[in-house]
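Presented below is the structure to which this report refers.
These values consider heavy atoms only, across backbone and side chains, with no hydrogens, waters or symmetry-generated copies.
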Number of protein chains: 2
Amino acid sequence: MADAISVFRAFLKKKGLKLTRQREIILKAFIGTEKHVTTDDLYEIVKKKKQSIGHATVFRTLKLMCESDLATSLNLDGKVTRFEHKYGHEQHYHLVCTKCGKFIEAVDPEIERLQQALAKRFSFKVTSHKLRILGLCKECSRKKRR
Amino acid sequence: MADAISVFRAFLKKKGLKLTRQREIILKAFIGTEKHVTTDDLYEIVKKKKQSIGHATVFRTLKLMCESDLATSLNLDGKVTRFEHKYGHEQHYHLVCTKCGKFIEAVDPEIERLQQALAKRFSFKVTSHKLRILGLCKECSRKKRR
DNA sequence: GTTATAATTGAAATTGAATTTCAATATCAA
DNA sequence: TTGATATTGAAATTCAATTTCAATTATAAC
């Protein structure tokens, strides 16, 4: 947590920005939840800490957190953008059930390695990736389909 | 092409829908381009064939094409949705340059295999996946960054 | 401290792609 | 032919994402 804050502070400083009271509250709220929040979700959480914070600030701070690699955005349902922790977390994939919407997070060093190798073939310098595997989760694939 | 049309026709029939003149024009226009089109792109193409076709019909037909696995949607820039062929095409990945926007399509049977294996561990039944690798293309990684 | 400069904020407005509505047509089955 | 249903295109709507703007606050220079 303290770590994430100093990363953010360093990032802001480099950009000539300040770690304001609002930004700190928003960052802490984000770090404090393991959920994959939407801007609105985070806004609601933050609101409890400090009534006066607005949507715009949450939105903008989330954007800064992505730029600083503390957070990353993802889109599980094709509608709203969600955010998840990136700092201190391995790159992972989402296995998303197209029926019930549940998702599983998974990691595989071998897949990572192959992705790097693939990119190398194209002299492509990887910074990140987004892998979403779509299908049916255990429960939903058991159930008879209608 | 003829193939894709019969796939679409069969799909529509199963759903109690018809292969109308408009839908056929739209499908053919889509099949006829190798570009990753937006609904607007396709609308413009289709317009040349038949003036009177509207955005809504293109949008709805594209949706049907996705349902029938002739097409699949993708989002390269985080803004507009684009559509690419799926029927008769291997699952592939997109290496997207975050600087110039160019993208490369790539395939890797080994990555495919590992994804399947990964899913199996969770008893997850894969129907498709979307893998986007973000980074810098050959040209952009050469250039000095500002 | 005072003043100039720049960053920050929250409310509200705007944007723009995606989607739906609706009335008019067209199509099919009996 | 007639009734039921699907289809269409224009326009309207939705809604998340983003920007605007005037007010406020922090920072730096003096």
Of all pairs that satisfy ring pair (Phe, Tyr, Trp, His ring centres under 6.0 Å), the ones with a partner from residues 118-138 of chain B, not counting sequence neighbours: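 For residues 118-138 of chain B: B:Tyr93-B:His129.
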Output all residues satisfying side-chain hydrogen bond (donor to acceptor under 3.5 Å, both in side chains) with A:Lys35, sequence neighbours left out; order by chain, then residue number.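 Partners of A:Lys35 under the side-chain hydrogen bond (donor to acceptor under 3.5 Å, both in side chains) test: none.
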Just jot down the side-chain hydrogen bond (donor to acceptor under 3.5 Å, both in side chains) partners of A:His89, sequence neighbours excluded, or say none.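 Not a single residue meets the side-chain hydrogen bond (donor to acceptor under 3.5 Å, both in side chains) criterion with A:His89.
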Hey, does [Y] have a side-chain heavy atom less than 4.5 Å from the side chain of [X]?
| X | Y | result |
| --- | --- | --- |
| A:His85 | A:Glu34 | yes |
| B:Lys102 | B:Glu139 | yes |
| B:Ile133 | A:Leu118 | yes |
| A:Leu19 | A:Ile5 | yes |

Taking only residues at least two apart or on different chains, which pairs with a member in residues 37-47 of chain A satisfy salt bridge (Lys or Arg N to Asp or Glu O under 4.0 Å)?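 Sorted pair list: A:Asp41-A:Arg82.
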Using 0.5 Å steps for rounding, measure from the CD atom of A:Gln22 to the OG atom of A:Ser52.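 Taking CD in A:Gln22 and OG in A:Ser52, the distance rounds to 6.5 Å.
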Short of 4.0 Å, heavy atom to strand atom, which residues of residues 12-31 of chain B count as contacting DNA chain C?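 Only B:Lys18 qualify.
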Residues within residues 43-59 of chain B bordering DNA chain C, heavy-atom distance below 4.0 Å: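 B:Ala56, B:Phe59 - these, ordered by number, are the residues of the stretch whose heavy atoms sit under 4.0 Å from the strand.
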Can you pull the side chain to side chain donor-acceptor pair (under 3.5 Å) pairs that have at least one residue in residues 61-71 of chain B, sequence neighbours excluded?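 Applying side chain to side chain donor-acceptor pair (under 3.5 Å) to every pair that reaches into residues 61-71 of chain B, excluding sequence neighbours, yields B:Lys15-B:Glu67, B:Asp69-B:Lys86.
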B:Lys130, B:Gln91, B:Glu84 screened by side chain to side chain donor-acceptor pair (under 3.5 Å) with B:Thr72, the one that passes: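 Filter result, single survivor: B:Lys130.
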Of all residues at least two apart in sequence or in a different chain, which pass the ring pair (Phe, Tyr, Trp, His ring centres under 6.0 Å) check with B:Phe83?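 By the ring pair (Phe, Tyr, Trp, His ring centres under 6.0 Å) rule, B:Phe83 matches no residue at all.
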Please name all residues satisfying ring pair (Phe, Tyr, Trp, His ring centres under 6.0 Å) with B:Phe8, sequence neighbours left out, ordered by chain then number.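 For B:Phe8, no residue satisfies ring pair (Phe, Tyr, Trp, His ring centres under 6.0 Å) once neighbours in sequence are set aside.
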I need the residues from residues 73-83 of chain A with at least one non-hydrogen atom less than 4.0 Å from DNA chain D; give them sorted by number, or say none.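 Going residue by residue through residues 73-83 of chain A, the ones with a heavy atom under 4.0 Å of DNA chain D turn out to be A:Val80, A:Thr81.
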Under a criterion of less than 4.0 angstrom to any heavy atom of chain A, what are the 5'-terminal and 3'-terminal contacting nucleotides of DNA chain D?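 That gives a stretch of D:dA16 to D:dT27.
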Roughly, in whole Å, what's the span from CG in B:Leu42 to P in C:dA17?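 Distance check: B:Leu42 CG to C:dA17 P gives 16 Å.
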Report for the helix from C:dG1-D:dC30 to C:dA30-D:dT1: angle between first-end and last-end helix axes, five pairs each, rounded to 10 degrees.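 Comparing the axis at each end, I get an angle of 30°.
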Are A:Arg113 and A:Glu110 ion-paired here, with the side-chain N under 4.0 Å from a carboxylate O?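 The answer is yes: the pair qualifies as a salt bridge.
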Is the number of heavy atoms from other residues, nucleotides or ligands under 6.0 Å of A:Lys49 NZ greater than 12?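 Open: at most 12 neighbouring heavy atoms sit under 6.0 Å from NZ of A:Lys49.
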